[in-house]
Amino acid sequence: NNDTEDEERLWRDLIMERVTKSADACLTAINIMTSPNMPKAVYIEDVIERIIQYTKFHLQNTLYPQYDPVYRVDPHGGGVLSSKAKRAKCSTHKQRVIVMLYNKICDIVSSLSELLEIQLLTDTTILQVSSMGITPFFVENVSELQLCAIKLVTAVSNF
């Protein structure tokens, strides 16, 4: 049983390392795009869309469930609890790697708002960005992300 737990922990560590490196790649790409005096060739639509997909995926599947228990799925298929009951049972302790990912995602969301002021994006991309900017207001315990989302929603409305 200890071997299984160790193997599972190592597997989880490997996955989180890859997720963190992917967040770093997204941040690097968006920081380059938001740098002053960048040529138009830098704004590759596919890269921007993949950054948005990565961010939305990890917000929905990694961060929201960690910060707000209402977004958690019971792996054992237990009884349905109300959102107040779920929040009451929640622990506030977060793994260091989750906090690092949260901070990187906040940086990406903030940088996306800067990118909207620089580069004209397609309607489909704007829809994705606007849904990403509105969702954090329905999640508890993500105040920094909500501040970044305000900036993003403001940039979308100015678009």
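For reference, positions follow the sequence shown, starting with 1.
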Does the side chain of S131 pick up a donor-acceptor pair with the side chain of K56 at under 3.5 Å? yes

Please report the C-alpha distance between I98 and M16 in whole Å, then the side-chain angles of each, then the deciding distance to 0.1 Å, and finally whether the side chain to side chain contact (heavy atoms under 4.5 Å, CB included) criterion is met. CA-CA 9 Å; I98 295 294; M16 285 313 293; 3.9 Å; yes

Is there a side-chain contact between N61 and Y71 in this structure, where contact means two heavy atoms from C-beta onward sitting under 4.5 Å apart? no

Do Q128 and Q53 pass the side chain to side chain contact (heavy atoms under 4.5 Å, CB included) test, and can you show the C-alpha distance, the side-chain angles, and the key distance before you say yes or no? CA-CA 8 Å; Q128 295 294 320; Q53 286 174 349; over 6 Å; no

Does a sphere of radius 6.0 Å around CG in D123 hold more than 12 heavy atoms from other residues, nucleotides or ligands, not counting ones at 6.0 Å or beyond? no

Only one of T28, L112, V47, I44 clears side-chain contact (heavy atoms from CB on, under 4.5 Å) with M33; which? V47

Are more than 12 heavy atoms, taken from residues, nucleotides or ligands other than E7, located less than 6.0 Å from that residue's CD atom? no

When clusters are formed by joining ILVMFWY residues with side-chain heavy atoms under 4.5 Å apart, either directly or through shared neighbours, do L14 and L10 land in the same one? no

Can you tell me if Y102 and E144 form a side-chain donor-acceptor pair at under 3.5 Å? yes

Checking E17 against K21 for the salt bridge (charged side-chain N to carboxylate O under 4.0 Å, His left out) test, could you report, in this order, the C-alpha distance in whole Å, the side-chain angles of both residues, the deciding distance, and whether it holds? CA-CA 6 Å; E17 181 181 339; K21 285 183 180 184; 3.3 Å; yes

Residues T125, T122; criterion side chain to side chain donor-acceptor pair (under 3.5 Å); working and verdict: CA-CA 5 Å; T125 306; T122 64; 2.8 Å; yes

Using the side chain to side chain contact (heavy atoms under 4.5 Å, CB included) rule, take M38 and Y43 through it: C-alpha gap first, then chi angles, then the decisive distance, then the call. CA-CA 9 Å; M38 281 289 124; Y43 305 109; 3.6 Å; yes

Taking the side chain as every heavy atom from C-beta outward, state whether L145 and L59 have any atom pair closer than 4.5 Å. yes

Quick one: do L115 and I126 end up in the same hydrophobic cluster if we chain Ile, Leu, Val, Met, Phe, Trp and Tyr together by side-chain heavy atoms under 4.5 Å apart? yes

Would you say that F137 contacts Q146 through its side chain, given a criterion of any heavy-atom pair below 4.5 Å between the two side chains? yes

With side chains defined as the heavy atoms from C-beta onward, is the minimum distance between T135 and Q60 less than 4.5 Å? yes

Between S157 and T154, is there a side-chain donor-acceptor contact under 3.5 Å, judged purely by atom types and distance? no

Hey, any chance Y54 and L121 share a hydrophobic cluster, counting ILVMFWY side chains that come within less than 4.5 Å of each other, even indirectly? yes

Got L152 and L116 here, is their nearest side-chain heavy-atom distance under 4.5 Å? yes

